[in-house]
Number of protein chains: 2
Amino acid sequence: MAPTRSEYSCGVTGAQPRLPRYREIAEELRAAIEGGEFTEGASLPSENDLSERYGVSRGTIRQTFAFLRAAGVVSSRQGARRQVLLGGPHTQPMTELVSFSRWARSVGEVPSSRTISTGIVVPSPFVAERLGLAEGDSAFHIERVRLLSGVATMVESTYYPQRLAAPLLAMDLDAESITDRLEEYGIVFVDAEHSIEAIAASDRVAILLDIDTGTPLLRSIRRTTDPVGEVLECSFDSYVGSAVAFFVRNSVAVGAVSRVKTTPR
Amino acid sequence: MAPTRSEYSCGVTGAQPRLPRYREIAEELRAAIEGGEFTEGASLPSENDLSERYGVSRGTIRQTFAFLRAAGVVSSRQGARRQVLLGGPHTQPMTELVSFSRWARSVGEVPSSRTISTGIVVPSPFVAERLGLAEGDSAFHIERVRLLSGVATMVESTYYPQRLAAPLLAMDLDAESITDRLEEYGIVFVDAEHSIEAIAASDRVAILLDIDTGTPLLRSIRRTTDPVGEVLECSFDSYVGSAVAFFVRNSVAVGAVSRVKTTPR
DNA sequence: AAGTGGTCTAGACCACTAC
DNA sequence: TAGTGGTCTAGACCACTTG
């Protein structure tokens with residue numbers, strides 16, 4: 001039988017693209033969990049309960065749970081009710097993970113930045129390969145110190161493909177979120193790879209962050225791509241070790257993390 | 001209509017539980033990708049192609065891709081063919097992420113370990129909370145140095161609930177994989193949370209790892225639970241920073257990683 | 001305009017859990 | 001044994017991309 005939702009197609013409120021039904025339900029459940037209606041370890045209603053309650057098919061409810069599970073909010077095992085996996089850091093990861101500004105605001109801090117240098121450079125082979133450039137091709141480079149409510153927290157050294165140089169040069173790098181502004185240009189970050197390691201602060205970075213040389217830094221090397229798979233940036237983010245951590249939740253079913261042996265570069 | 005697979009129920013070969021069809025197909029596709037049949041960025045066959053080729057419904061193929069996508073193997077966007085997201089570190093993360101031994105073998109190294117201490121302790125409130133213990137309750141503690149082909153690579157300090165003390169005491173900790181052995185007891189690790197940060201090596205850890213005090217370490221605090229949600233371990237793993245990194249791939253759709261502000265402990 | 005992935009329905013059987 | 005989640009089918013319409 002055909003779907004019964006007469007309002008199946010997009011609303012014309014003009015606002016946002018409207019979430020699919022299974023996402024709406026996911027957000028309601030997430031809100032209920034964060035609101036304390038279901039505490040950590042509590043059992044959630046069954047799929048049949050929910051499909052009746054929301055007037056959707058069981059398949060839709062399963063989509064909802066697949067989403068919440070990937071987000072690390074619930075666990076499930078065959079035969080038993082699903083359980084809540086503690087609140088933990090709330091998750092809206094992709095955008096927040098890529099944008100320092102958005103993340104900072106989401107944790108209640110005021111983000112700011114101090115630009116150290118910008119310009120066209122010929123990147124190292126390591127970066128060139130990740131940007132998909134031929135050897136000798138140049139890239140646009142920005143180096144910034146990022147501050148959390150006034151405290152220097154990270155040094156960010158980012159390489160962009162040349163085609164992004166124009167919009168980037170037109171921005172006030174210290175005042176706006178690059179990610180937000182690029183989004184207005186229709187440039188969207190959809191996939192990212194992060195390599196997370198611990199390194200010692202170089203003299204240069206130590207001065208920028210106002211710490212001692214050799215202090216442990218948490219460095220994330222990130223490569224971000226757009227919907228078509230084109231590389232948008234390759235960034236080296238060095239965080240003051242004592243200020244930031246990465247948090248990962250994974251289950252047998254969903255695995256996006258792995259441990260790798262580093263080969264000296 | 002009912003499913004047409006007459007062999008729908010489990011085979012009786014007695015071997016392993018047999019993978020569901022969608023996983024079998026996923027492994028075939030993964031093998032094709034790793035075998036170079038589809039290179040990075042290549043387009044994959046359409047869902048209709050594959051459902052015909054494998055003689056399954058489109059829904060099953062979609063399950064296959066949901067799995068591969070969560071594993072970070074493929075990307076997808078509405079309207080276009082799915083693409084291969086580079087080989088990267090091969091993924092069988094959960095088990096490998098939890099077991100140092102399995103991981104070491106999977107990267108072609110020989111794992112070994114040197115036990116520093118074992119015993120019943122009253123853990124810190126931080127650990128007690130994570131193990132789900134009341135204040136003052138005791139836990140079983142094991143501290144080991146882990147070596148990769150003879151090189152000290154990590155110090156592992158793990159707390160287990162008391163009920164695991166018996167099986168643990170019966171093992172030869174330096175010779176066997178705890179994870180593997182516990183699995184034989186029917187104890188399975190299904191969910192894990194990792195907090196990843198950079199710290200400086202203490203005097204004690206420096207001696208154990210044969211490095212200088214203050215050297216950057218990559219520390220992962222892990223909490224692992226079984227299918228019912230009972231905590232199985234809380235572990236502090238400190239890796240020599242130059243030896244190991246964590247690798248994460250995430251997309252807008254699947255987010256298991258987040259960045260957190262650390263509060264000094 | 002044709003093709004592709006995204007969303008949704010309705011119904012079936014199975015494996016496992018809990019009582 | 002009843003209930004729950006896991007797997008699978010068959011078919012529908014939609015939003016989006018590509019030629």
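Values below: all heavy atoms of this structure, side chains included; hydrogens, waters and symmetry mates excluded.
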Below 3.5 Å is the cut-off: list the nitrogen or oxygen pairs between protein and nucleotides 1-3 of chain C, distance only.
unit_1	atom_1	unit_2	atom_2	d
dG3(C)	N2	Gly79(B)	O	3.2

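For Arg82(B) and dG6(C), the shortest distance from a side-chain N or O to OP1 or OP2 is below 4.0 Å. Look at Ser76(B) and you won't find any side-chain N or O under 4.0 angstrom from OP1 or OP2 of dT4(C). Under 4.0 angstrom from either OP1 or OP2 of dG5(C) there lies no side-chain N or O belonging to Arg69(B). Contact between the side-chain N/O atoms of Thr60(B) and the OP1/OP2 oxygens of dT7(D) is not found at any separation under 4.0 Å. A sub-4.0 Å separation between OP1 or OP2 of dC14(C) and a side-chain N or O of Arg21(B) is absent.
Under the side chain to side chain donor-acceptor pair (under 3.5 Å) criterion, Glu156(A) pairs with Arg144(A), Arg146(A), sequence neighbours left out. For Arg62(A), the salt bridge (Lys or Arg N to Asp or Glu O under 4.0 Å) partners two or more places apart in sequence, or in a different chain, are Glu47(A). In terms of the side chain to side chain contact (heavy atoms under 4.5 Å, CB included) criterion, residue partners of Leu169(B) (sequence neighbours excluded) are, by chain and number, Phe140(B).
Following rounding to the nearest Å, Asp49(B) (CG) and dT4(C) (P) show an atom-to-atom distance of 6 Å. Per the geometry, CD belonging to Glu47(B) stands 11 Å off C1' belonging to dT7(C), to the nearest Å. Between the CD1 atom of Ile61(A) and the P atom of dT7(C) there is a distance of 15 Å, rounded to whole Å. One can place CZ of Arg18(A) at 18 Å from P of dG6(C), the figure rounded to the nearest angstrom. Atom pair Tyr22(A):OH and dG6(C):C1' shows a separation of 8 Å (rounding to whole Å applied).
Listed by first and then second residue, the salt bridge (Lys or Arg N to Asp or Glu O under 4.0 Å) pairs involving residues 159-169 of chain B amount to none (not counting sequence neighbours).
Of the two residues near DNA chain C, Pro45(B) and Val228(B), the one whose nearest nucleotide lies more 5' is Pro45(B).
Residue Arg58(B) is in base contact, counting any heavy-atom pair closer than 4.0 Å across all strands shown. Residue contacts for Phe65(A): at a heavy-atom cut-off of 4.0 Å it reaches no nucleic acid atom on any strand shown. Within the 4.0 angstrom heavy-atom criterion, base atoms lie near Arg62(B).
In this structure, the side chain of Thr64(B) engages the main chain of Tyr22(B) through a donor-acceptor pair within 3.5 Å.
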query: Run the side-chain contact (heavy atoms from CB on, under 4.5 Å) check on Ile178(A) and Ile142(A) step by step: do they pass?
result: CA-CA 11 Å; Ile178(A) 289 186; Ile142(A) 297 179; 4.1 Å; yes
For residues 180-187 of chain A, run the donor-acceptor check on the side chains, cut-off 3.5 Å, and write out each pair with its distance to 0.1 Å, sequence neighbours left out.
unit_1	atom_1	unit_2	atom_2	d
Asp180(A)	OD1	Arg102(A)	NE	2.6
Asp180(A)	OD1	Arg102(A)	NH2	2.6
Asp180(A)	OD2	Arg105(A)	NH2	3.2
Arg181(A)	NE	Glu176(A)	OE1	3.0
Arg181(A)	NH1	Glu184(A)	OE1	3.0
Glu183(A)	OE1	Arg102(A)	NH2	3.4
Glu183(A)	OE2	Arg102(A)	NH2	3.4

